[in-house]
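All figures in this text were calculated on a predicted structure; none of them were measured in a lab.
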Amino acid sequence: MTTAANDETYLGPLTLSVVVPMYNEEEALTALAARLRPTLDGCGEPYEVLAVDDGSTDATARMLEDLRVLWPQLRVVSLRRNSGHQAALTAGLHRARGSYAVSIDADLQDPPEAIPRMLALARAEGLDVVYGVRADRSTDSVFKRRTAAAYYRLVRRMVGAHVPAQVGDFRLLSRPVLESLKELPDQRHVYRLLIPSLGFPSGQITYRREERVAGATKYPLRKMVMLALDSITGFSAAPLRLATAMGALSLVVCFLFLAWTITVYTLGKALPGWTSLVITVLFFGAVQLFCLGLLGEYLARIYTAVQARPTYAVAHDTAEE
């Protein structure tokens with residue numbers, strides 16, 4: 001049951017907004033509420049839980065509406081279609097009303113019990129950002145751990161060491177950070193790289209990453225690869241410089257082939273060179289296609305930005321009822 005005190009604080013200014021992107025989370029929703037609500041009620045702070053339904057096709061939307069009857073602090077934002085995890089997260093952060101906002105996934109791999117620690121650290125040290133760092137990922141598969149480690153090494157090398165390692169989307173943001181995010185162009189944001197680039201004072205807490213409580217992962221290999229691609233092309237021009245370097249290398253190799261060809265011809269040892277010709281053509285063709293692919297990826301991002309289409313569309317927000 002919700003106490004009268006909680007009802008009163010809910011109607012007043014909010015200290016904390018907890019943003020939870022959801023897509024087909026009917027199996028995890030009950031367990032999430034069972035752990036998240038006692039944690040937030042125990043903080044003694046006025047709060048809202050902003051569940052963003054990212055076009056779920058299962059019973060998630062119905063279960064959220066049923067849960068709102070017993071949990072007045074629960075607010076539901078429904079998107080018109082499935083727009084992706086980062087877009088749903090953007091919708092929640094843009095609509096959060098608290099002085100602080102915490103983003104957390106519904107699968108309970110990131111513990112809700114760490115939220116009070118985040119809030120206490122932000123207040124004690126005057127921080128605008130508190131990252132949840134996955135100090136223990138033993139519950140993840142070996143493949144997941146190794147690919148995650150490779151991802152963070154790659155982005156830290158390309159984007160900069162200011163990007164904290166082993167940090168996902170479990171973090172606390174202050175109101176100034178939230179307002180700064182609203183001012184940014186509406187694009188495909190990768191928040192684990194975007195927020196460190198803003199330069200706000202930040203701190204960290206560590207936690208053990210748990211197993212997914214129910215359901216299937218919403219980040220299969222294909223989406224992990226797309227996230228890595230968005231991370232690299234959205235925050236670094238290094239691939240373009242790589243294309244330039246490969247073009248320069250190709251030019252050097254071309255001159256070496258030319259010198260070799262002239263030398264052989266001068267010595268009178270020229271023979272029909274079908275194999276070397278094919279290898280040369282394939283080599284330069286592969287380099288050109290690779291470079292064109294990199295250029296195309298950046299042009300696609302420019303094309304998307306010029307169109308200025310919204311990354312999500314809100315169908316309904318229970319706070320506006």
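By the 4.5 Å heavy-atom criterion applied to side chains, Val133 and Ile205 are not counted as neighbours. Looking at heavy atoms from C-beta onward, Val19 lies out of side-chain contact with Ile104 at the 4.5 angstrom threshold. Put simply, the side chain of Thr15 reaches to within 4.5 Å of the side chain of Arg123, judged on heavy atoms. Under the 4.5 Å side-chain criterion, counting only non-hydrogen atoms from C-beta, Leu36 is in contact with Val49. The shortest distance between side-chain heavy atoms of Val52 and Val20 does not fall below 4.5 Å. Between Arg134 and Asp110 the shortest side-chain heavy-atom distance falls below 4.5 Å. Taking the side chain as every heavy atom from C-beta outward, Ser202 and Leu127 never approach each other to under 4.5 Å. Here the side chains of Leu108 and Leu32 are in contact, with some heavy-atom distance below 4.5 Å.
When all heavy atoms of Arg175 and Arg97 are compared, the closest pair comes out as NH2-C, 3.3 Å. Across Gln86 and Asp169, no two heavy atoms sit closer than the pair NE2-OD2, 3.0 Å. Residues Leu93 and Ala101 come closest through the heavy atom pair CD2-CB, 4.3 Å. Looking at every heavy atom in both residues, Ala33 comes nearest to Trp71 through CB-CZ3, 4.0 Å. Residues Pro111 and Glu210 come closest through the heavy atom pair CB-OE2, 3.8 Å. When all heavy atoms of Ser180 and Phe200 are compared, the closest pair comes out as OG-CZ, 3.4 Å.
Using modelled atom types, no side-chain atom of Arg171 and backbone atom of Gln204 make a donor-acceptor pair closer than 3.5 Å. A donor-acceptor pair is defined here as one N or O able to donate and one able to accept, closer than 3.5 Å; such a pair exists between the side chain of Ser83 and the backbone of Arg81. Asp54 contributes no side-chain N or O that, together with a main-chain N or O of Pro21, makes up a donor-acceptor pair within less than 3.5 Å. In this structure, Ser197 contributes its side chain and Leu194 its backbone to a donor-acceptor pair below 3.5 Å. Between the Asp105 side chain and the Asp107 main chain, no donor and acceptor come within less than 3.5 Å of each other.
Rounding to the nearest 0.5 Å gives a distance of 6.5 Å between CG of Leu181 and CG of Leu173. Atom-to-atom distance recorded for Leu16:CG and Leu50:CG is 11.0 Å, nearest 0.5 angstrom. One distance of note links CG of Leu64 with OG1 of Thr318; it measures 9.5 Å at 0.5 Å rounding. Summarising the geometry, atom CD1 belonging to Ile195 is positioned 11.0 Å from atom CG belonging to Asp128; distances are rounded to the nearest 0.5 Å. Atoms CD and CZ, on Gln73 and Arg68 in that order, are 11.5 Å from each other to the nearest 0.5 Å. Atom CG of residue Leu184 and atom NE2 of residue His94 lie 7.5 Å apart, to the nearest 0.5 angstrom.
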Give the C-alpha distance, both sets of side-chain angles, the deciding distance and a yes or no for side chain to side chain contact (heavy atoms under 4.5 Å, CB included) between Val77 and Val314. CA-CA 7 Å; Val77 173; Val314 174; 3.9 Å; yes
Quick one: do Tyr47 and Asp41 satisfy side chain to side chain donor-acceptor pair (under 3.5 Å)? Show the steps, please. CA-CA 9 Å; Tyr47 71 89; Asp41 287 345; 2.6 Å; yes
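Inspection of the Thr60 and Tyr23 side chains reveals no N or O donor paired with an N or O acceptor under 3.5 Å.
Using a 4.0 Å cut-off between charged nitrogen and carboxylate oxygen, Glu113 and Arg37 do not count as a salt-bridge pair. Using a 4.0 Å cut-off between charged nitrogen and carboxylate oxygen, Arg62 and Glu65 do not count as a salt-bridge pair.
Residues passing the side-chain hydrogen bond (donor to acceptor under 3.5 Å, both in side chains) test with Ser17 are Glu48, sequence neighbours excluded.
Taking the ring centroids of Phe170 and Tyr131, they lie at or beyond the 6.0 Å cut-off.
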